[in-house]
Protein chains: 2
Amino acid sequence: MSRQHFDTLDFKILEMLSNNARKPFLEIARETNVSGAAIHQRIQKLTSSGIIRGFETIIDPPSVGYETCAYIGFILNDPTKFDEVVERLKAIPEVVDCHFTTGSYDVFAKIFAHNNAHLLEVIHKKLRLGIGRTETLISFKEVFKRPIPILHENME
Amino acid sequence: MSRQHFDTLDFKILEMLSNNARKPFLEIARETNVSGAAIHQRIQKLTSSGIIRGFETIIDPPSVGYETCAYIGFILNDPTKFDEVVERLKAIPEVVDCHFTTGSYDVFAKIFAHNNAHLLEVIHKKLRLGIGRTETLISFKEVFKRPIPILHENME
DNA sequence: ATTGAAATCAGTGATCC
DNA sequence: GGATCACTGATTTCAAT
């Protein structure tokens, strides 16, 4: 489904649900002056069409044992290595985000680790073997993190 | 609250809620053999203590008008500029993530934009004025994205 | 998209380990 | 302190329109 199939109701639903996945459907219904069943059907459609990817509980990483956050850039010496790098990254559960990029790096990933020692161990033992070069950016403070803004103008 | 206050029930709740923020409390209760009220109380405590940061609906960025995703690294020429950069980044709703980092960059941010032209406009007009140098990594494919793993061993 | 109805759920307070 | 039970009001979900 592409974005031109949006209407104002879909937009309002996404806007309300974006930062509160547990907002009751009936509450959305009251604020939009439609029935609860209509909201229910819309959300089902938004989910089955892939616009809503899922409902996630945001958990504080340090509280569950992840004191270190880092980004790793890969500079590959061989274009055929892309898939190999991705496979390795997928196999590491602490890798939460992975992109193919243009610019300084070919592949770019975000990773959590228990501490700096654990991070370095993962990089040395699992990521830096015959695929080229890596560069690591260690975060010493997550200044902020928020969802993408849902803007009406983007959808007309 | 620090992590040593966790017990197995908290862990199971976080594990179940992590990838499904709308999972009914009573369903969690049945799967853990405790009452719904106990789950309710636990989730309140996890939320008020900051371990659960919130419940977010994950929305497909291209579906809502964000075709371009990029990372921007800032190399500052003056340490007092940290706060200025953060203020500028906060003022741009499309910036979803911002870190202080060690390594190639001082500040590192993730941004969504309508398209490449829009991205470059934001970088030129709002980010690159007298704060040092920036480098941009444009993602041409998000290979995967997932939540941090909730592992029992991390919490004992 | 709505109605209406059944099943299920969230949240509260008294009570009991 | 933390879980349970019992209960009320709210919510989800479905079929029919």
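Fair warning: this is a prediction, and the values are worked out from it, not measured in the lab. Residue numbering restarts at 1 for every chain, and letters A, B, ... go by the order of the sequence lines.
On the nucleic acid side, DNA chain D has its first and last nucleotide under 4.0 Å of a heavy atom of chain A at D:dT11 to D:dC14, going 5' to 3'.
When all heavy atoms of B:Phe25 and B:His40 are compared, the pair lying nearest together is CE1-CD2, 4.0 Å.
Within the structure, a side-chain polar atom (N or O) of B:His40 is placed less than 4.0 Å from OP1 or OP2 of C:dG11.
A distance of 6.0 Å or more separates the ring centres of A:Phe6 and A:Phe11.
Rounded to whole angstrom, the span from the NZ atom of A:Lys23 across to the C1' atom of C:dA10 amounts to 16 Å. The distance between atom CG of B:Leu26 and atom P of C:dT12, rounded to the nearest whole Å, is 14 Å. Between the CD atom of B:Glu27 and the P atom of C:dA7 there is a distance of 18 Å, rounded to whole Å. If you measure from atom CD of B:Gln44 to atom C1' of C:dG13, you get 13 Å, rounded to the nearest angstrom. Distance A:Ile13 CD1 to C:dA1 C1': 12 Å, rounded to the nearest Å. Rounded to a whole Å, the CD1 atom of A:Ile39 is 15 Å from the C1' atom of C:dT3.
Comparing B:Arg30 and A:Asn33 by the nucleotide of DNA chain C whose heavy atom lies nearest to each, the residue mapping closer to the 5' end is A:Asn33. Between B:Arg22 and A:Gln41, the residue anchored nearer the 5' end of DNA chain D, judged by the nucleotide with its closest heavy atom, is B:Arg22.
Using a 3.5 Å distance cut-off with no hydrogens or angles, the side chains of B:His99 and B:Asp97 do pair a donor with an acceptor. Side-chain atoms of B:Thr68 and B:Asn115 include no donor-acceptor pair closer than 3.5 Å.
The main-chain N or O of B:Gly130 is found under 3.5 Å from a side-chain atom of B:Lys81 such that the two form a donor-acceptor pair.
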Check step by step if salt bridge (charged side-chain N to carboxylate O under 4.0 Å, His left out) holds for A:Lys23 and A:Glu15. CA-CA 11 Å; A:Lys23 190 175 177 76; A:Glu15 191 184 26; over 6 Å; no
